[in-house]
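Following: one structure in structure tokens, then a few remarks.
All chains are named by letter (A, B, ...) in the order of the sequence lines, taking the proteins before the strands, and each is independently numbered beginning at 1.
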There are 2 protein chains.
Amino acid sequence: MTDEPSDEDWSPPLVMLAVDLVILTVRERTLRILLVERGVPPFAGMLALPGGFLGDEAEDVRLAATRELAEEAGLDATTLHLEQIGAYGAPARDPRGRVISVAYLAIAPRLPDPVPGSDAADARWEPATAVLSGQLPVAFDHREIIADGIEQARAKLEHTTLATAFCHENFTITELQHVYEAVWDLRLDPRNFARKVRRTEGFVAPAGTPRRTGSGRPAQLFQRGEGRVLYPPMTRATTATVTGTPGEETAG
Amino acid sequence: MTDEPSDEDWSPPLVMLAVDLVILTVRERTLRILLVERGVPPFAGMLALPGGFLGDEAEDVRLAATRELAEEAGLDATTLHLEQIGAYGAPARDPRGRVISVAYLAIAPRLPDPVPGSDAADARWEPATAVLSGQLPVAFDHREIIADGIEQARAKLEHTTLATAFCHENFTITELQHVYEAVWDLRLDPRNFARKVRRTEGFVAPAGTPRRTGSGRPAQLFQRGEGRVLYPPMTRATTATVTGTPGEETAG
DNA sequence: TGCCTTATTGTCCAAGTGACATAAAGGGGC
DNA sequence: GCCCCTTTATGTCACTTGGACAATAAGGCA
């Protein structure tokens, strides 16, 4: 962050700053992402990530993300998990000019559908696989952002307790398993999974009501433990893909 | 990334975009970071990360990082590992105005000292712990960026082959172990370490010359394997700290 | 009451890992 | 050449973990 050496009166170029939100949830045992239909050009009518430009020159970037989370998705940032994915700054990524976008990953428990007539009326929960496969096209470079965000979530499920962010305050081991299965897109053995979860210190803690409705034997309820790091980590099959740096290829 | 709903003639605020580089290497069995002494205000005379503003409005962000890598550190980006850490955009992080910085992590093998008289004359390799502990003050919010970058490197050593980026083309198992020990700041058992490395498929491959100078028994030489993901991962002690999202706290 | 469904506990064995002993391969002093 | 020192390589053993899978517990419902 030293200054340019040469010209005395050189001044850095100015760019526009945007935030984009990769909001994930699990519905019908499937990982889903919240997308909105664009109403105006460019890419009018196409699906895109919720997001927008910095509100004013003094707005914090993360605050812009929480604001858009409320405005475009009707979600309360204090409720859900929110972390940064990275910056995307390819010169031609936005036809309106030089736009650098800071992408955020948000994790939400299963929620009611976006209410028609509300701010988030044109928002839809779409299956993640449809976007990743390219079957469902999205605007800008959003497919790349989504891929990075999902990979970040998948990786964090391995060695952090992020999976509990997909659950409500109280949840069963089976519900937690469904999170792993949906995000990783694979099946796990319930017995081994339960053993692993319970033996991992700080992952879950028993919750008040020891039972719950259902069709089989009632399941015990848990809440997130005090730990944030899983040791030893949960392991997904050896099919892991190395995650590049967000927004670009990795050199070297 | 939809547009602002309200005013017709609203236009987003303009910001300056910078890149900052966290360049790590291992010297004298210690993790070190390349810092430069600032010549001009703000923070003149203080140490800071190499970096600078976007060169012009059309320059790709990653390209700006590689350019600064060459200009300020005299390093060739095609040689070393370079990946993004994240964006840092607190409103008051730079007294010159609204500056959003995209931070990059670069990993270099042990290199000769910066040549006095060259572009990188005022660059120095400082111990990482001195910066992390606050003992060595740095400009702007660079300590936070450095902490995030180092934590990213530490985490990636666990489940990727990033450690080989600290080594030259050919290296011994012991040299690789020194990388882990320096980055993680702990000691490992050489016998268990060698067993683990060799059994992990794709981590290292035998290199041509089967021997090498030294004072004891000559060590076999290796090169990086074709794999990028370590399975099962290397494990550091359970003292792991959860890494927040770059540049801000994690909510929820 | 008996069947179906889901949750929970338990067994068995192969693989992984920490702790530690021992052998191999050079250099240097004498 | 020979002994010692240093560093690398291989091996052993007990313990833990994890995958595959059997068996039991606890409800709903006909």
Side-chain angles (χ1 to χ4, degrees), chain A residues 28-29 157-159 167 170-181 184 186-223 227 229-240, chain B residues 28-29 157-159 167 170-181 184 186-223 227 229-240:
Chain A
E28 293 103 38
R29 316 246 330 228
L157 249 56
E158 290 189 87
H159 50 270
C167 301
N170 289 339
F171 53 88
T172 67
I173 298 279
T174 304
E175 286 167 356
L176 190 64
Q177 180 182 341
H178 291 339
V179 170
Y180 275 91
E181 292 181 333
W184 284 351
L186 45 74
R187 300 300 125 181
L188 299 170
D189 182 281
R191 297 149 313 183
N192 293 336
F193 181 82
R195 176 181 63 188
K196 181 70 182 280
V197 167
R198 270 192 246 192
R199 279 196 192 167
T200 303
E201 193 172 358
F203 197 174
V204 298
T209 337
R211 57 183 51 204
R212 196 181 123 88
T213 81
S215 82
R217 170 177 175 175
Q220 294 196 294
L221 285 182
F222 295 87
Q223 55 190 353
V229 176
L230 297 183
Y231 186 82
M234 308 291 288
T235 49
R236 45 176 167 170
T238 160
T239 54
Chain B
E28 292 103 37
R29 318 239 340 220
L157 249 55
E158 290 190 88
H159 50 270
C167 301
N170 289 339
F171 53 88
T172 67
I173 299 279
T174 304
E175 286 167 356
L176 190 64
Q177 180 182 340
H178 290 342
V179 170
Y180 276 90
E181 292 182 333
W184 284 351
L186 45 73
R187 301 298 125 181
L188 300 169
D189 183 281
R191 297 151 311 190
N192 293 336
F193 181 82
R195 177 181 62 189
K196 181 70 182 280
V197 168
R198 271 192 246 190
R199 281 200 190 164
T200 303
E201 194 172 357
F203 197 174
V204 298
T209 336
R211 57 182 52 204
R212 196 182 123 86
T213 81
S215 82
R217 172 175 173 174
Q220 293 195 297
L221 285 182
F222 294 88
Q223 55 191 350
V229 176
L230 296 183
Y231 186 83
M234 307 290 287
T235 48
R236 45 175 168 170
T238 160
T239 54

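As a whole-Å value, the separation of B/His178 NE2 from D/dT8 C1' is 12 Å. Rounded to whole Å, atom P of C/dT8 lies 11 Å from atom CD of A/Glu175. Counting to the nearest Å, the P atom of D/dG18 and the CG atom of A/Leu230 are 11 Å from each other. Between A/Ile173 atom CD1 and D/dA25 atom C1' the separation is 17 Å, expressed in whole Å. A straight line from CD of B/Glu158 to P of C/dT17 spans 13 Å, rounded to a whole angstrom. Following rounding to the nearest Å, A/Arg236 (CZ) and D/dG18 (P) show an atom-to-atom distance of 17 Å.
For B/Val179 against B/Cys167, the heavy-atom pair with the smallest separation is CG2-SG, 3.9 Å. The two residues A/Asp189 and A/Asn192 come nearest to each other via the heavy atoms OD1-N, 3.0 Å. Summarising the geometry of B/Gln223 relative to B/Asn170, their closest heavy-atom pair is CB-OD1, 4.0 Å, with the distance given to 0.1 Å. Heavy atoms only, all atoms of each residue included: B/Val197 and B/Leu176 are closest at CG1-CD2, 4.0 Å. Nearest heavy-atom pair across A/Trp184 and A/Glu158 is CZ2-CG, 3.4 Å.
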Identify each atom pair where a protein N or O and an N or O of nucleotides 28-30 of chain C are less than 3.5 Å apart, giving names and distance.
none

Can you name the atoms? Protein N/O to nucleotides 19-24 of chain D N/O, anything below 3.5 Å, with the distance.
unit_1: D/dG19; atom_1: N7; unit_2: A/Arg195; atom_2: NH2; d: 2.7
unit_1: D/dG19; atom_1: O6; unit_2: A/Arg195; atom_2: NH1; d: 3.2
unit_1: D/dA20; atom_1: N7; unit_2: A/Asn192; atom_2: ND2; d: 3.0
unit_1: D/dA20; atom_1: N6; unit_2: A/Asn192; atom_2: OD1; d: 3.3
unit_1: D/dC21; atom_1: N4; unit_2: A/Arg191; atom_2: NE; d: 3.4
unit_1: D/dA22; atom_1: N7; unit_2: A/Arg191; atom_2: NH1; d: 3.0
unit_1: D/dA22; atom_1: N6; unit_2: A/Arg191; atom_2: NH1; d: 3.1

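Between the side chain of A/Gln177 and the backbone N or O of A/Ala194 there is no donor-acceptor pair closer than 3.5 Å.
The 5' end of DNA chain C is approached more closely, in terms of each residue's nearest nucleotide, by A/Ala194 than by the other of A/Ala194 and B/Pro233. In terms of position on DNA chain C, the residue among A/Pro190 and A/Gly216 whose nearest nucleotide sits closer to the 5' end is A/Gly216.
Among residues two or more places apart in sequence or in another chain, the salt bridge (Lys or Arg N to Asp or Glu O under 4.0 Å) test is passed with A/Arg199 by none. Here A/Arg195 pairs with nothing under the salt bridge (Lys or Arg N to Asp or Glu O under 4.0 Å) rule; sequence neighbours left out. By the side chain to side chain donor-acceptor pair (under 3.5 Å) test, B/Arg198 is found to be paired with no residue, residues two or more places apart in sequence or in another chain being considered.
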*asked:* I'd like to know whether B/Arg236 forms a side chain to side chain contact (heavy atoms under 4.5 Å, CB included) with B/Tyr180, so could you lay out the CA-CA distance, the side-chain angles of the two residues, the decisive distance to 0.1 Å, and finally the verdict.
replied: CA-CA 9 Å; B/Arg236 45 175 168 170; B/Tyr180 276 90; over 6 Å; no

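The distance from the CG atom of B/Leu221 to the CD1 atom of B/Ile173 is 10.0 Å, given to the nearest 0.5 Å.
OP1 or OP2 of C/dT17 lies within a sub-4.0 Å distance of a side-chain N or O belonging to B/Lys196. Using a 4.0 Å cut-off, some side-chain N or O of A/Thr174 falls inside it from OP1 or OP2 of C/dA7.
For the contact set between residues 197-204 of chain B and DNA chain D, defined by any heavy atom under 4.0 Å, the members are B/Arg198.
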